[in-house]
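First the structure, in the form of structure tokens, and then the observations on it.
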Amino acid sequence: MSIVDIGSLNVGFKRGLSHITALHVEQIQVEPGECFGLIGGSGSGKSTLLRVLAGLQRDWQGSVQLFDQPLAARRAFTGTLRRDVQMVFQDPYASLHPLHRIRRSLREPRQVNGLPFDEASLVASLEQVGLPGDVLERFPHQLSGGQRQRIAIVRALQLRPRLLLLDESTSALDMTVQAEILNLLQALRRDTGTTMILVSHDMNTVAHLCDRALLIKQGRVEQRLDRAALSALAGR
Ligand code: ADP
Ligand code: MG
């Protein structure tokens with residue numbers, strides 16, 4: 001079973017009177033437990049690809065399977081698919097309501113999905129990412145950028161997703177905090193085996209964490225990188 005199996009995928013957008021192809025890719029498979037990287041400059045189509053896989057970009061053509069189930073374009077995700085794919089954005093404010101205490105933001109995904117919620121396991125998952133239990137009482141603005149991003153990761157993991165999508169999730173953080181979050185992701189992957197797709201414009205980040213990666217340029221796959229190629233790049 002593949003986690004992601006893209007036979008072909010096309011996404012286009014209207015720009016004024018013209019139409020631009022934002023993404024045109026073929027043959028992408030992501031296997032269980034893998035960390036799969038997407039590298040490319042700004043505007044190359046990385047977020048568009050993740051947004052299709054998260055069900056946020058619904059206007060697309062092609063053939064895409066998640067967990068061996070074909071995805072239907074123009075249709076919102078329903079049922080377990082909504083739990084199975086979770087995304088962490090560059091800006092954690094995108095997933096944390098500014099006026100809700102962290103407790104509420106972390107409790108909601110499970111409640112909405114009708115899953116039991118207990119405070120003890122929540123505190124345990126905060127500890128797992130190096131946060132003290134008292135952050136639950138705080139509002140997002142009372143946390144540092146790195147802490148907010150840890151919370152966003154805990155929030156995504158609350159539903160035990162089968163696929164975690166990370167869209168430039170560390171790029172807004174300073175170097176030390178970036179490294180901490182990357183180590184955290186590596187540990188999570190080791191402990192939980194969660195399949196991840198990691199988007200970054202930084203080759204080193206991807207080389208450090210991923211087993212394989214695609215270099216995307218102007219919406220197309222420019223290069224496919226295996227572990228050996230990634231190690232060589234990281235060592236440069
Ligand atoms: P990246 O994440 O690699 O920076 P994106 O996937 O965000 O790139 O964007 C790829 C291309 O698609 C860009 O040219 C961008 O302007 C365009 N694009 C993305 N989303 C939209 C949208 N909702 N409407 C119009 N154009 C879009
Ligand atoms: Mg992007």
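Quick caveat: nothing in here was measured; it's all calculated off a predicted structure. Each ligand, and each atom within it, is numbered from 1 in the order the structure gives.
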Test: [X] and [Y] ion pair at under 4.0 Å:
X      : Y      : value
Arg74  : Asp59  : yes
Glu119 : Arg107 : no
Asp211 : Arg189 : yes

May I ask you to identify the nearest protein heavy atom to [atom], giving residue, atom name and distance to one decimal place in Å?
atom                    : result
atom 7 (O) of ligand 1  : Ser47 CB, 3.7 Å
atom 23 (N) of ligand 1 : Phe13 CE2, 3.7 Å
atom 12 (O) of ligand 1 : Ala22 CB, 3.4 Å
atom 5 (P) of ligand 1  : Thr48 OG1, 3.6 Å
atom 3 (O) of ligand 1  : Lys46 NZ, 2.8 Å

Can you give me the closest heavy-atom contact between [X] and [Y], atom names plus distance?
X      : Y     : result
Ile216 : Ser44 : CG2-O, 3.3 Å
Leu99  : His97 : N-ND1, 3.0 Å
Val64  : Ser8  : CG2-O, 4.3 Å
Lys46  : Gly41 : NZ-O, 2.8 Å

Name the option, out of Gly45, Gly219, Gly12, Gly40, that contains the heavy atom nearest to atom 8 (O) of ligand 1.
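Closest candidate by heavy-atom distance is Gly45.
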Near Ser42, which atoms of ligand 1 are under 4.0 Å from a heavy atom of that residue?
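Answer for ligand 1: 4 (O).
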At under 4.0 Å between heavy atoms, which part of Arg15 makes contact with ligand 1: side chain, backbone, both or neither?
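For Arg15, the contact with ligand 1 is made by the side chain alone.
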Dump the intermediate steps for salt bridge (charged side-chain N to carboxylate O under 4.0 Å, His left out) on Glu137 and Arg101, then the final yes or no.
CA-CA 6 Å; Glu137 308 305 329; Arg101 287 182 204 278; 5.2 Å; no
Ser44 heavy atom under 4.0 Å from ligand 1:
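Judged by the 4.0 Å heavy-atom criterion, Ser44 does count as contacting ligand 1.
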Has Gly41 got any heavy atom lying under 4.0 angstrom from an atom of ligand 1?
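Checking ligand 1 against Gly41, which is what was asked, there is a heavy-atom contact under 4.0 Å.
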Aromatic Phe117 / basic Arg110 pairing, under 6.0 angstrom, 45° off normal
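Negative - Arg110 is either too far from the ring of Phe117 or too far off its axis.
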Under 3.5 Å, N or O to N or O, is Gly43 touching ligand 1 that way?
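By distance alone, the answer is yes.
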Hey, are the side chains of Leu143 and Ile102 touching, using non-hydrogen atoms and a 4.5 Å cut-off?
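Side chain of Leu143 against side chain of Ile102, heavy atoms only: contact under 4.5 Å found.
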If we ignore angles and hydrogens, is there a donor and acceptor under 3.5 Å between the side chains of Thr205 and Asp202?
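A donor-acceptor contact under 3.5 Å links the two side chains.
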Keeping waters out of it, list the protein N, O or S atoms under 2.8 Å from the Mg ion (ligand 2).
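Less than 2.8 Å away from the Mg ion (ligand 2) sit Ser47 OG.
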